[in-house]
Amino acid sequence: MLNEKILDITTEFCGTFNIILKGYPQYALDLNYQSLTTINLLLETLRGKTSFSDEENKYLNGCACYLAAMAHDIWAFFPGSQNLDLNLNENNEVILSTYGAKYTSEDSPYIINLTRTLKSILVSDTIMISPEYSKKLNSFENFIAPAFLGIACGFSPYGVGVWTTKKCDDLLEHTAVAVSSLATSTAQTYKKLFPLEKYGAQPELYISGLIYPPTGFEDYEYAKSALSLIKFKNKNTLDDNEFYTLSKNLARLPDPRISETGLICAVSLATADDLDLRLLLDSKLLHFDIFSAVSKIRPQLSSGNFLQVLETGELARAVNILELEKTFNLVPYIKFPSYYCQHQHLADLISALYLRNLKSALEALQELERQNKIDLDLFLQKIFIQICLGDLELAKKELEKIDLQSLPEGSPEQGFLLEFTGIIYYLEQDFKNSYNYLMRALNIPELAKSEKIIIAENISNILMASQQFDELIKFSNKLEINQLQNLNILINHCLAYLHVEDKKEFREILKNLVQKIPFDKRVFALLRMSLSMN
C-alpha cells in the first residue's frame, strides 16, 4: 500500500523543483530512472552533513519519498503475492517494506528506511549495492544511482531482513524485473532527449550490461557494459558513424554507468577532434580510469590499441591513434613528437610513458643518456617527468642547461622549455613569473593545439587564483576565438563574469555549459546559483 501522505510529499517535492528547473528538461523529476542523477545533484549540498535543519530534513524526506515511490513500483512486479507497504513511521521517516515475495513472509519481511539510508550515504565514501558488493566513490561520482540499483533489485544491505542474507544470484528474478523496468525507463528518456536517433530508444540496448551488473563486478571496469554495447552494434549492423552517434548520445545521458560506457566507445571510435566530446571527457576524467578502458575496448573496434598497432609495425596508424589520444588528454605524459614511435630503441620508454609508469620512463631516459642516445626532445621529456615526480630543483637545474636563444624561433622545443619553466613557477606559487612564461609558450606557433589547451588552462587558473577577473575574461574570449577551450577554462570564464557582476554574460556561458554537460556537478552548482539570482 502506498500511503497518501507519501504521494503528497513526492508530488510537492517534484513540483517544487520542476518549477525551479523549468526550461531545463534534462533535469525533470518524473520518477524516471535517469532522473536519479538530478536527485544526486540536488543532494550534493548536504554531502558530509550529520545534522540537519527542519528545512533540510523536509528536503531529505522529499528525496527519500521519491526513491521509495520508484522502488515501490518496481517491487510490485516481483514474483509472489505482494504485501507492499510504503509509509511514514513515528519519526516521520520513509519506510518501504514487503512480505510475500521470494524468501519473505509476515514473520520475515524486508524493510528499508529510505530516510536513514540517504543520511548514511551522505556521510560515506563507500556505497553498498548488495551484501556482496560495495563501491568506494570519489567526490565527483554519482552516489545515488548505484545505491538505488541495489534497492530496486531488493538486495540492498541498507535494508534489514531476509533479502540481505541472500546472494545476488538468489534474487535473479527480482533483478530481471528491476533491470527491465529501468531499461524501459532509460529508453524513454533517450527518445525524449534524442528523438532523431532510433537505436538508443530500444530497451533491449540497456538490459544486458548497461544497467546490471554494477561496475566493478568485471575483470576491469566497464568491460561488460562496453562489450554489451559493441554486441548491440554488431547485432544491428551499425556502421562506425551510426555507432559513434549512438555512443556520443549515450555519453550525454544522466546515469553514470551508461554515460561513461558511451564515452568509452565514442572516444575509441573518434577520428578527429570534437569539442563536445572533449568537454564530456573533461567532466569524467576524475571519475574513473577511462584511459585503461579505451585501451581495452579499442581492439574490439576497428581503431585498435596504440601499443598493439605499434607492435604490428603500422606506424602511420599508431601515430594517428597517439595524436588523437593526446587531443583528448588521455596520454598526458608523452611530450616528444609522435613520430618517435618509429625508433625501436625507444620502445621501452614509449610503453612506460603510455602506461603512465613514470619511474620506469625516467630510468629508460637515464639509460639513453648514458648511451649518448638522448636528443633535445628526449631531454625535455626527462625534465617533464622530473616535474611530474615533484623533483623541481633538479628539473630547474636541467632547464638551465638549455640556451633558450639557441632554439629555433617558434619551435615546439622552445615552447616546451617555456612551458616547463612556467609550470615550475606555478607549482612554487610564483604566479607572476609562471604567467609570463606560460603566455610566451602559448604564443609559440608550432606547439600542438592539445598542448596549448593545457597551457591555456594553467594561465586561466593563475588569473582566477590571483583574482584578475577582467584579464581572465579578455583571455578567455581570445581562447574561444582560437578554439582553445576545455571545461575548466569555460568554468573559470563563467565565474569571472560572476565576479565582475556581469550576470548576462555569466548566464550566456552557463547556458552553453548546461546544454553540453548538464550533469557535471560544478555546472549544476553554477545553475542553482544562477536560478537564485534576481
Open item on the list: Under 6.0 Å from the ring centre and within 45 degrees of the ring axis: does the NZ or CZ of R278 meet both conditions for the six-membered ring of F328?
Closed with: no
Open item on the list: Walk me through whether I144 and I127 qualify under side-chain contact (heavy atoms from CB on, under 4.5 Å).
Closed with: CA-CA 9 Å; I144 292 296; I127 300 303; over 6 Å; no
Examine the side chains of [X] and [Y] and answer whether a donor and an acceptor come within less than 3.5 Å of each other.
| X | Y | value |
| --- | --- | --- |
| N249 | E197 | no |
| N61 | T115 | yes |
| N488 | D282 | no |

Task: Salt-bridge present (K58, E12; N to O < 4.0 Å) - done: yes
Open item on the list: Any carboxylate oxygen within less than 4.0 angstrom of a Lys/Arg side-chain nitrogen, looking at E56 and K49?
Closed with: yes
Open item on the list: Please check if the number of heavy atoms outside N89 that lie under 6.0 Å from its CG is greater than 12.
Closed with: yes
TODO: Take atom CZ of F52 as the centre, draw a 6.0 Å sphere, and report whether it contains more than 12 heavy atoms from other residues, nucleotides or ligands.
DONE: yes
Close side-chain approach of [X] to [Y], heavy-atom, < 4.5 Å:
| X | Y | result |
| --- | --- | --- |
| Y66 | S35 | yes |
| L43 | C63 | yes |
| V123 | K119 | no |
| L281 | V267 | yes |

- [ ] Quick one: list whatever passes salt bridge (Lys or Arg N to Asp or Glu O under 4.0 Å) with D276, sequence neighbours left out.
- [x] K516
Closest approach of [X] to [Y] (non-hydrogen atoms, all atoms of both residues):
| X | Y | value |
| --- | --- | --- |
| P79 | H174 | CD-CD2, 4.0 Å |
| V177 | I74 | CG1-O, 3.8 Å |
| L96 | A68 | CD2-O, 4.1 Å |

TODO: Run the ring-centre check on F519 versus F524 and record whether the distance is less than 6.0 Å.
DONE: no
Task: Output field: ring centroids F17/Y59 closer than 6.0 Å - done: yes
- [ ] State whether the side chain of S532 and the backbone N or O of M529 hold a donor-acceptor pair below 3.5 Å, judged by distance alone.
- [x] yes
Task: Pairwise side-chain hydrogen bond (donor to acceptor under 3.5 Å, both in side chains) hits with a residue in residues 152-173, at least two apart - done: K102-E173
Open item on the list: Could you work out, with ring pair (Phe, Tyr, Trp, His ring centres under 6.0 Å) as the rule, every residue matching F194, not counting sequence neighbours?
Closed with: Y190
